[in-house]
There are 2 protein chains.
Amino acid sequence: MTDDHNKPVTSFDVARRAGVSRSMVSRAFTEGANISEKSREKVLKAAEELGYRVNFLARGLQTRQSNLVGIVASSLDTPFRSRQVRIAAQEFISHGYRPILLTVEPGDDVGQWVSVMLNYNVAGVMVTSATPSPKIIQECRKLRMPLVLINRGKNQDIADTVQIDVQQAGELAFTMLTRSRAGRLAVVHPQIPSYSVTGRARAFIEKCRIENIEVDEFISTSQSYAAGYDIAGNIGLSLDHIDGVFCATDLLALGVMDRLRADWNTRFPDDLQVVGCDDIEQAGWGAYHLSTIRQDAEEQVLAAVTQMLERIENPDAPIQHYNQRLTPIFRKTTLSNYD
Amino acid sequence: MTDDHNKPVTSFDVARRAGVSRSMVSRAFTEGANISEKSREKVLKAAEELGYRVNFLARGLQTRQSNLVGIVASSLDTPFRSRQVRIAAQEFISHGYRPILLTVEPGDDVGQWVSVMLNYNVAGVMVTSATPSPKIIQECRKLRMPLVLINRGKNQDIADTVQIDVQQAGELAFTMLTRSRAGRLAVVHPQIPSYSVTGRARAFIEKCRIENIEVDEFISTSQSYAAGYDIAGNIGLSLDHIDGVFCATDLLALGVMDRLRADWNTRFPDDLQVVGCDDIEQAGWGAYHLSTIRQDAEEQVLAAVTQMLERIENPDAPIQHYNQRLTPIFRKTTLSNYD
DNA sequence: ATGAAAGCGCTAACAA
DNA sequence: TTGTTAGCGCTTTCAT
């Protein structure tokens with residue numbers, strides 16, 4: 001305990017103290033290495049006394065692989081996204097990887113961040129935000145750097161992806177709304193296009209066309225609660241001829257409901273049926289009981305992590321696309337369920 | 001473009017292609033290095049063509065410092081925590097650091113994770129979850145590894161901290177509740193102790209004692225919405241003699257409100273005044289309009305990041321404690337404001 | 001301004 | 001089972 005030196009302690013120091021070679025130190029800290037129990041204990045003891053810790057960066061340099069992975073995500077403080085990230089981080093960690101978290105801000109170029117990850121020799125990158133450019137995706141591929149995209153569309157089959165079936169989402173919403181009472185519908189979705197969110201709205205509209213049901217389209221400024229609250233100002237004006245609305249995002253739906261209740265005293269589902277999408281925790285809260293389409297974050301992220309681990313294992317395997325199952329959740333903003 | 005080799009390209013390859021030495025490549029990628037503009041361009045061009053990227057791990061090995069930092073957080077998918085983490089990540093990134101995110105699960109030992117960070121030569125660690133043991137804190141200190149704790153108490157002055165004044169929080173809640181109508185109060189807080197959450201509840205109770213006001217204590221199983229919803233079953237039974245309740249957490253408050261509305265048709269603030277703490281986004285939602293005590297996540301995290309950067313700069317500076325300002329937010333679950 | 005050489009802390013191939 | 005040697009990819013004196 002007398003070593004208050006400032007110098008970080010290296011394997012060399014441990015080796016000397018334990019009276020062995022540096023290799024032995026390395027072996028003592030390597031799973032399943034060829035070393036006698038006695039030596040290992042000797043080394044571990046010396047290491048303990050010196051406060052030695054393996055430098056993973058140096059190890060990675062040598063083994064040419066790090067157990068770092070990248071997670072690039074936007075809107076991290078949004079319920080659905082934070083859940084995704086929590087699960088992803090947890091899952092990676094449980095597999096021995098350490099996630100570097102890169103948050104994407106509205107103006108950012110996702111590709112830039114993916115690119116930054118390359119500097120760290122990460123074992124792979126998971127992105128759940130805007131879609132990186134094909135160019136950067138190509139680069140990853142060329143560098144054999146595993147890349148998995150969540151809900152960014154199939155992207156010309158050049159990266160592994162996990163996504164919901166937007167078509168199914170749109171149709172499901174339609175069915176949930178019209179099952180009991182066919183009527184005049186509406187959809188609200190954000191202005192800024194996004195594969196998954198815009199996609200489900202488009203699919204919904206398409207389905208309405210096919211079924212010959214009129215549908216009003218309300219464009220919000222974003223996918224947030226506040227955006228829903230705002231746009232509901234317009235929806236309120238059309239309340240007399242709309243009886244069902246599909247909000248492309250739960251958050252949007254919650255905002256819409258609160259505004260409509262406040263300014264028009266709307267009752268759900270009697271005056272208006274509402275269906276959201278995602279199934280965030282808040283959708284189930286007592287103030288809302290929102291009927292929605294569940295996109296299971298856990299299943300989604302687990303699938304993505306699995307894809308990534310598999311690709312790390314085998315970089316040349318064919319591209320994979322995991323299509324996520326969607327589940328209708330009937331709570332109290334729709335009139336009836338499937339029975 | 002004909003180099004589809006599998007080998008990662010190194011500074012050596014770039015040097016050869018550019019017809020210079022490896023040192024020059026290094027210089028070309030180093031801010032303010034001694035290199036002519038002409039050479040730099042030459043190198044950059046060659047690098048571009050080869051798809052070269054500096055290996056930060058190797059660089060870190062050499063310079064003995066990495067721009068990695070650790071964030072260890074629990075309950076990442078909770079509104080307040082996810083906001084903290086989003087801001088922290090963003091802030092670190094904007095300062096050129098890359099955050100490694102370690103999520104702590106209920107059974108986990110925080111110290112273990114802090115310890116893991118040490119393997120990566122991180123520049124520092126921020127923890128916003130359970131408190132690491134004094135032992136690990138000491139170890140960090142010994143290794144001169146910057147460590148900043150958010151809302152974990154002052155911890156015997158051995159680590160930098162940012163925290164709210166729990167005393168003030170408790171008193172503020174008391175004042176908000178009793179300003180207009182003194183009465184019988186209650187407090188709900190989670191069973192599992194935590195410096196900040198338990199602290200404010202204790203302070204509230206203490207204040208009640210001092211002011212000679214009776215206070216009922218309800219212990220919830222956690223700080224979640226669901227826990228609030230559950231415990232409200234008990235609160236409902238006492239509704240006839242309670243007219244104000246302080247929930248140690250906004251989430252708890254929201255759960256309490258929903259349950260009380262559902263089962264006892266309680267109106268806020270007429271039947272019962274409620275004050276939460278944190279000021280998460282949902283507290284301001286139309287369904288709640290919860291009066292609360294704001295703990296500004298942005299200010300908090302910025303302060304923590306600043307502390308960390310300062311300590312990286314100067315490891316021997318005296319320990320710092322940042323006491324965060326609390327702001328009462330009067331919305332619609334209390335009868336009046338300060339005026 | 002540039003190049004040669006040494007070394008960061010580690011692991012892996014090879015000998016013994 | 002253990003030690004020796006040679007790098008991993010980079011930066012950094014120190015000459016030139």
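Every chain is numbered from 1 and lettered A, B, ... according to where its sequence line falls, protein lines coming before strand lines.
- Sorted by first and then second residue, the pairs that involve residues 31-55 of chain B and meet ring-ring contact (aromatic ring centres under 6.0 Å, His included), not counting sequence neighbours, are B:F29-B:Y52.
- The salt bridge (Lys or Arg N to Asp or Glu O under 4.0 Å) pairs that include a residue from residues 58-78 of chain B are A:R86-B:D77, where partners are two or more places apart or lie in different chains.
- Heavy-atom nearest nucleotides on DNA chain D were determined for A:G19 and for B:R59, and the one closer to the 5' end corresponds to A:G19.
- Taking A:A304 as the reference, A:M126, A:V148, A:I150, A:V162 meet the side-chain contact (heavy atoms from CB on, under 4.5 Å) condition, with sequence neighbours excluded.
- Put simply, the side chain of B:R144 reaches to within 4.5 Å of the side chain of B:D316, judged on heavy atoms.
- Put simply, chain B comes within 4.0 Å of DNA chain D, heavy atom to any atom, from D:dG9 to D:dT13, going 5' to 3'.
- With sequence neighbours excluded, the residues satisfying side-chain contact (heavy atoms from CB on, under 4.5 Å) with A:T10 are A:F12, A:D13.
- Contact annotation for B:L61: base contact, defined as any heavy-atom pair under 4.0 Å involving a base atom.
- Comparing B:I35 and A:F56, the nucleotide of DNA chain C nearest to each residue sits closer to the 5' end for B:I35.
- Among pairs with a residue in residues 27-38 of chain A, those fulfilling side chain to side chain donor-acceptor pair (under 3.5 Å) read A:S36-A:S39, at least two apart in sequence or across chains.
- Every residue two or more places apart in sequence or in another chain that forms a salt bridge (Lys or Arg N to Asp or Glu O under 4.0 Å) with B:R53 is listed here: A:E139.
- No hydrogens or angles considered: a donor-acceptor pair under 3.5 Å links the side chains of A:Q320 and A:E310.
- Nucleic acid contact for B:N34: base, since at least one base atom lies under 4.0 Å from a heavy atom of the residue.
- In this structure, A:E105 has no salt bridge (Lys or Arg N to Asp or Glu O under 4.0 Å) partners at least two apart in sequence or on a different chain.
- A:R53 comes within 4.0 angstrom of the backbone, heavy atoms only, and of no base.
- Only B:S21, B:S23, B:M24, B:R27, listed by number, bring a heavy atom of residues 21-31 of chain B to less than 4.0 angstrom from any atom of DNA chain C.
- Defined by atom type and a distance below 3.5 Å, a donor-acceptor pair is present between the side-chain atoms of B:T128 and B:Q84.
- Between B:D160 and the options B:Q307, B:R311, B:H321, a side chain to side chain donor-acceptor pair (under 3.5 Å) holds for only B:R311.
- Side-chain contact, A:R152 with A:T161: no donor N or O sits under 3.5 Å from an acceptor N or O.
- For DNA chain C, the outermost nucleotides in 5' to 3' order that have an atom under 4.0 Å from a heavy atom of chain B are C:dA1 to C:dG9.
- The ring-ring contact (aromatic ring centres under 6.0 Å, His included) analysis of residues 80-135 of chain A, with sequence neighbours excluded, yields the pairs A:Y120-B:F56.
- A rotation axis mapping the C1' atoms of four pairs onto the next four is fitted at both ends of the helix from C:dA1-D:dT16 to C:dA16-D:dT1 over five pairs, and the angle between these axes is 30° to 10 degrees.
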